[in-house]
> 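Provided herewith is a single structure, encoded as structure tokens, for subsequent inquiry.
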Amino acid sequence: MARIPVLRLKNVLVVSLQVEMEDRVAIDLQEDILSTLARTGAGGLIVDVSGVEVVDSFLGRIIGDTARMASMMGANTVLVGIQPAVAITLTELGLVFSNVRTALNLEKGLALLKADLE
Amino acid sequence: MTLDASVLDILQETDIVAARSRGKELARAMGFGMVDQTRIATGISELARNILQYARKGRIQLRSLSESGRAGLEIVAEDEGPGIPHINAVLDGTARSPRGLGLGILGTRRLMDEFEVRTEAGQGTRVRCVKWL
């Protein structure tokens with residue numbers, strides 16, 4: 001099954017979620033992110049969901065958990081690119097990312113992390 | 001009046017994505033906007049996941065309805081699993097399962113225009129929802 005690449009941009013890891021994520025892919029990605037954090041010592045993580053059309057409670061929980069785990073390993077997470085329909089649906093569903101910072105897009109997310117790391 | 005119906009077996013994880021994709025396609029073809037397409041796809045995802053988690057297998061039926069001049073998309077999720085104990089507590093938000101059934105069921109109800117659930121211990125669960133165009 002396809003794996004999502006974990007990219008490294010200086011001190012920040014960037015992952016871009018795919019349109020239709022199966023559960024297994026999301027779980028594998030979580031493990032890949034954490035092992036790459038451990039290997040590289042990156043201080044930031046950006047999760048880009050601009051291409052994702054559906055975030056259900058499972059994927060939402062995985063994203064929230066991953067941010068918590070990354071935080072335990074010293075990395076700050078920023079979730080970027082939430083589409084309007086996804087923001088509306090997530091709110092109605094009752095899912096809140098209480099401990100995850102968000103930014104409109106990749107560029108703004110990187111700027112947020114850069115400010116943290118300086 | 002029913003215009004179109006499809007029954008999707010929910011037997012494994014990949015069936016969740018298949019079911020919600022089909023629902024989204026149907027919603028788009030019926031003329032639902034982007035936000036409603038997303039609500040419908042997300043609701044189907046929650047219902048399909050509940051089937052797998054709690055009953056192991058079941059099915060989701062999608063139909064386009066036409067009722068006194070208005071169109072709607074009906075989703076029926078059925079299984080022959082153990083049933084949902086304390087369904088009333090789940091629906092009024094006072095009970096939440098450790099694995100998140102509360103969020104799935106309650107959240108889906110908020111995403112839909114009509115929502116009803118019938119469940120019986122040892123017999124199974126049937127959730128029916130409608131989103132009107």
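Chain letters run A, B, ... following the sequence lines, proteins first, then strands; residues in each count from 1. In what follows, every heavy atom counts, from backbone to side chain, and hydrogens, waters and symmetry copies are set aside.
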> Once rounded to the nearest 0.5 Å, what's the spacing between atom CD of B/Q12 and atom CG of A/D23?
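B/Q12 CD to A/D23 CG: 11.5 Å, rounded to 0.5 Å.
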> Tell me who clusters with B/V17, hydrophobic residues only, linked when side chains sit under 4.5 Å apart either directly or through other members.
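None, because no other hydrophobic side chain comes under 4.5 Å of this residue.
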> In this structure, would B/I60 and B/V117 fall into the same cluster of hydrophobic residues linked by side-chain contacts under 4.5 Å?
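Hydrophobic grouping puts B/I60 with B/V117.
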> Working to the nearest 0.5 angstrom, can you tell me the gap between A/I88 CD1 and B/L111 CG?
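Going from CD1 on A/I88 over to CG on B/L111, the span is 11.0 Å.
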> Checking an interface table here. Which of residues 31-44 of chain B come within a heavy-atom distance under 4.5 Å of chain A?
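The list, in residue order, reads B/M34, B/V35, B/T38, B/R39, B/A41, B/T42.
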> Treating Ile, Leu, Val, Met, Phe, Trp and Tyr as nodes and any side-chain heavy-atom pair under 4.5 angstrom as an edge, say whether A/I4 and A/L79 lie in one connected cluster.
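Yes, because A/I4 and A/L79 connect within a single hydrophobic cluster, where side-chain heavy atoms sit under 4.5 Å apart.
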> Please round to the nearest 0.5 Å and tell me the distance separating atom CG of B/L106 and atom CG of A/L93.
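So the CG of B/L106 and the CG of A/L93 are separated by 10.0 Å.
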> Sort by residue number and list every member of residues 40-53 of chain A having a non-hydrogen atom under 4.5 Å from chain B.
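The stretch touches chain B at A/E53.
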> So what's closer than 4.5 Å to chain A heavy atoms on B/R20: side chain, backbone, both or neither?
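Just the side chain, heavy atoms under 4.5 Å.
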> Let's test your reading of the structure: which of B/K24, B/R49, B/R109 forms the most heavy-atom pairs below 4.5 Å with chain A?
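With the most close heavy-atom pairs to chain A, the winner is B/R49.
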> Say whether B/F115 and B/L73 are linked into one hydrophobic cluster, either directly or through other cluster members, by side-chain heavy-atom distances under 4.5 angstrom.
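Yes, same cluster.
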> Which pair of non-hydrogen atoms, one from A/R24 and one from B/E13, has the smallest distance, and what is that distance?
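Heavy atoms only, the tightest pair is N-OE1, 3.2 Å.
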> Going by residue number, which parts of residues 126-133 of chain B are within reach of chain A, meaning a heavy-atom gap below 4.5 Å?
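The residues closer than 4.5 Å to chain A amount to none at all.
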> Distance from B/I16 atom CD1 to A/M21 atom CE, nearest 0.5 Å?
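B/I16 atom CD1 to A/M21 atom CE measures 12.5 Å (nearest 0.5 Å).
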> Side-chain heavy atoms nearer than 4.5 Å, only ILVMFWY residues, links allowed to pass through others: does that put A/F97 and A/V86 together?
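Looking at the clustering, A/V86 is in the same group as A/F97.
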> So if you build clusters from Ile, Leu, Val, Met, Phe, Trp, Tyr with side-chain heavy-atom gaps below 4.5 Å, do A/F58 and A/M69 land together?
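Different clusters.
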